[in-house]
Amino acid sequence: MEAKEPPEKPSSTPDGNKGRWDGRALAATFACLLVVFVLSASPYIGDRGSYRIGAPSPDTVTATRSFQVEDPERTESERARRREEVKRAYIKPGRSAEAAAALREALQSLNGWLESGIAIGEASALASSAGLRISSEEIAAYARADREMRNLLERSAAEALVYLEKEPVSAENIEEIRAEAARLASDLPVEEELRRVAATLAAAFIKPNTDLPASYVLAEAERQAQSVPVFFEQVNEGEVIVKKGEVVTDMTLRKLEKSRVLDVSFSARRLLGIFFFFTMLAAAFYLYLVGKRPSRYLPARIQLFYPVVMVAFALLSRLFTVLAQEELLWGFMIPVPLVAVLTVFILGKETSLSMIALSTLIAGVMLKGDFVLTLAALSGGLMAAIFARRADRREDLLKQGLWISLSVGLADFAIAFIFLTPVQSVEALGMGVANGMLCAVLALGMLPLLEKALGATTHMRLLELASPNAPLLRQLIERAPGTYNHSLMLGNLVETAARSVGADPLLARVGAYYHDVGKINRASFFIENRGVNGAQQEEVPPDVSARYIADHVRDGVRLAREHNLPQEVIDIINQHHGTTLMRYFYAQALEESESGGGQGQVEEGDFRYKGERPRSKEAAIVMLGDALEATIRSQPSSERIKPEEIIDRVIEERVQDGQLDQSELTMHDLEALRQSFIQSTSGVGHERVQYPVMADIEDRKGNPAGRKKRLRPDRRECGNG
């Protein structure tokens, strides 16, 4: 008798890698969450440089509190008005009109002299006697000008004289005012000589317009202006300070500073709020997963799916939010559909809805609460979740991508049509279609990487494993054909059963194909392979036989890991017998113990499987189907036991033994499984027509006298199953 090997210690987690994976998964998850936080918070860092006077505002900003902000423009406007009022009170009215009339009269006289044909020098002397100090060169330039140009010079000089109505002119500043009037008149777009003529004409008729010194008048005007109080503008809490795209003014910047939006402390408070918000989301999402399907959704490696996908989403979203600051339509490219498609393919539609909600909230934070773009991101994700389904071929992803693209585009068009212009609605349609196609292509490229890196189980991966050409399944076919045929029949049985209770039918089928793969190591020991390659079952004591039988679970887990099978399939291999009792060998050991005089105590634990009890519906269904299929086949042909009686017994024994306590199956599920098993096994053991022997047929054809002879059935062609 061989020495017993210590049984493999069952793992404490569904993936069997708790000690090796959980620490790394936790560290990687925190690292990924930190990256997502930084990317989401980055739009809120450095806001001061984002708001520049004269540039469009990158965001809509709302006041978080009520405050007053100084309005320097209004204050200065009121003070300037007060200055003008004081100066007008000291300036004699009508002086500019008088000067303009004198200018016109002098120019009329000059025009008359020039038309009479007098010499330039004589005209200059006459002009001086009339109070118009103008040189001979300037008169000569004026004489060469046509009538239209002379009128232009007159208007320019008269406009400069209006200056007399605005500023006080006295003996102390008259020369300064004349110089200023000459400068104003000399801005004409004409030749240099004519500009000097206009300046001379304007300066010649400047006269004092106040009886007080100009300095006194200006000082009094400034004193009165400074007595005007500073004006403030009231900003109430919730009031919009600036809208996105609106040009930032100096007053806008003052309001932003006063509201503390640009303060470092305010930015720190917002970042802290984002951190708390993300922490709350992560905790709520984790609790949701734990409460929903812990055995399916929280293996250590699958835990990494969520942060990895969120990091990829955050990177792409940050890119498009930056582009959206320059062009709003880029915001319709937020890749929530990518999250939806990946989650549907790896974890199913139900979990995809929570992932869509999570990614939409992250996008909303990045978009700084832009309602239109956030709503578009949410609708795009929902459209993708509706049209995406687990594909049997990778080519199906592209077909689904077309439907997803069209639906996302139409959803974006509808949202833009509500809130934006018709032209932008059409552009949003194009961006939505592009978003759907981009997400489909990215999903097609990311799925194989996620399958490899995270050990994720997709339908395409399961279909590859279900092929007879799969390496491990090929070994099972060649070395244990009886076990393979049993696995095929079990696969058909559990696939229908899984569908009846909402479990994954393909996972159940593949789990059934591989559940007994550990029998490869000692194929001839198992009765279904007896006689394979001439081998016979070994004659060994019951306890050794029990250990050999139990070892096929441990060996199956080892082979599955060597061939990189998905964790869900490994779980089914490890759990398909649970800790059930090998009753045949236990009874045989008890019988031998009794016949030997009761020497040696028989421990029931030595005859129980060392695996885990089923932790998922699929594993439990394979356990029940395996026991049912084996029990039905073990019935002698002479015994006619109804399949439903066997099914009831199998289910009751597993329930009484506590094997299904952790399997997620409800009493309603057990009844549905019972009905499914009854329907699937209703044809087992049915009777068939006995075909006659071919020799009797030939004899009857050649011997008319023997036609009344009863035809004998051919036992070789008859069957009962």
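Surrounding CZ of F275 are at most 12 heavy atoms belonging to other residues, nucleotides or ligands under 6.0 Å away. Counting non-hydrogen atoms of other residues, nucleotides and ligands closer than 6.0 Å to CD of E105 gives a total of 12 or fewer. Counting heavy atoms of neighbouring residues, nucleotides and ligands inside a 6.0 Å radius, atom CD of Q234 exceeds 12 of them.
Contact of the I334 side chain with the T321 side chain is registered, since non-hydrogen atoms from C-beta on lie closer than 4.5 Å. No side-chain heavy atom of Q68 sits less than 4.5 Å from a side-chain heavy atom of V235. Contact of the E73 side chain with the D71 side chain is registered, since non-hydrogen atoms from C-beta on lie closer than 4.5 Å. Within the 4.5 Å cutoff, the side chain of S215 has heavy atoms near those of the E172 side chain. Side-chain atoms of Q424 and E427, non-hydrogen and from C-beta on, do get closer than 4.5 Å to each other. Looking at heavy atoms from C-beta onward, V242 lies out of side-chain contact with V247 at the 4.5 angstrom threshold. R88 is not listed as a side-chain neighbour of I91, based on a closest heavy-atom distance of 4.5 Å or more. By the 4.5 Å heavy-atom criterion applied to side chains, M251 and V69 are counted as neighbours.
Closest of all the heavy-atom pairs between P335 and L316 is CG-CB, 3.6 Å. The two residues N173 and P168 have their closest heavy-atom pair at ND2-O, 3.0 Å. Of all the heavy atoms in S40 and V365, the pair that sits closest is O-CG1, 4.0 Å. G331 approaches A324 most closely through the heavy-atom pair N-CB, 3.7 Å. Contact detail for A225 and R79: the closest heavy-atom pair is O-CG, 3.1 Å. Looking at every heavy atom in both residues, M431 comes nearest to M333 through O-SD, 3.2 Å.
Going from atom CD of E237 over to atom CD of E239 covers 11.5 Å, rounded to the nearest 0.5 Å. Taking CE from M355 and CG from L342, the interatomic distance works out to 8.5 Å, rounded to the nearest 0.5 Å. Atom CG of residue L429 and atom CD1 of residue I415 lie 12.5 Å apart, to the nearest 0.5 angstrom. Here CG of L328 is found 5.0 Å from CG of L373. Values are rounded to the nearest 0.5 Å. With values rounded to the nearest 0.5 angstrom, L218 atom CG is found 11.5 Å from Y90 atom OH. Taking CG of L33 as the reference point, atom OG1 of T279 lies at 8.5 Å (rounded to 0.5 Å).
A donor-acceptor pair under 3.5 Å is formed between the side chain of S42 and the backbone N or O of L39. For S425 (side chain) and F417 (main-chain N/O), a donor-acceptor pair under 3.5 Å exists by modelled atom type. A donor-acceptor distance shorter than 3.5 angstrom exists from the side chain of T75 to the backbone of F231, with no hydrogens or angles considered. Judged by distance alone, with hydrogens and angles left aside, the side-chain atoms of R104 form no donor-acceptor pair with the main-chain N or O of A158 at under 3.5 Å. With S379 contributing its side chain and A411 its backbone, the two residues share no donor-acceptor pair below 3.5 Å. Judged purely by atom type and a 3.5 angstrom limit, E246 uses its side chain to pair as donor or acceptor with the backbone of K243.
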Tell me, with the steps shown, if V433 and V408 meet side chain to side chain contact (heavy atoms under 4.5 Å, CB included).
-> CA-CA 6 Å; V433 172; V408 172; over 6 Å; no

Dump the intermediate steps for side chain to side chain donor-acceptor pair (under 3.5 Å) on S354 and T351, then the final yes or no.
-> CA-CA 5 Å; S354 59; T351 304; 5.3 Å; no

Side chain to side chain contact (heavy atoms under 4.5 Å, CB included) between T210 and V217, worked out = CA-CA 9 Å; T210 179; V217 174; 4.2 Å; yes

Start with the C-alpha distance between F278 and I362, add both sets of side-chain angles, then the distance that settles side chain to side chain contact (heavy atoms under 4.5 Å, CB included), and finish with yes or no.
-> CA-CA 8 Å; F278 272 48; I362 294 175; 4.0 Å; yes

Evaluate side chain to side chain contact (heavy atoms under 4.5 Å, CB included) for L253 paired with T249, printing each intermediate quantity in order.
-> CA-CA 6 Å; L253 204 58; T249 63; over 6 Å; no

Please assess E220 against R83 for the test salt bridge (charged side-chain N to carboxylate O under 4.0 Å, His left out), listing each intermediate value before the final yes or no.
-> CA-CA 8 Å; E220 181 63 17; R83 289 189 190 95; over 6 Å; no

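Salt-bridge annotation for K92 and D211: present, with a side-chain N of the basic residue lying under 4.0 Å from a carboxylate O of the acidic one. Using a 4.0 Å cut-off between a side-chain N of Lys or Arg and a carboxylate O of Asp or Glu, R81 and E78 qualify as a salt bridge. Salt-bridge check for E84 with K166: failed, with every basic side-chain N at 4.0 Å or more from each acidic carboxylate O. A salt bridge between E233 and K255 is present, with a side-chain N of the basic residue lying under 4.0 Å from a carboxylate O of the acidic one. By the 4.0 Å N-to-carboxylate-O rule, R254 lies close enough to D250 to be salt-bridged with it.
Not less than 6.0 angstrom separates the ring centroid of F332 from the ring centroid of F320.
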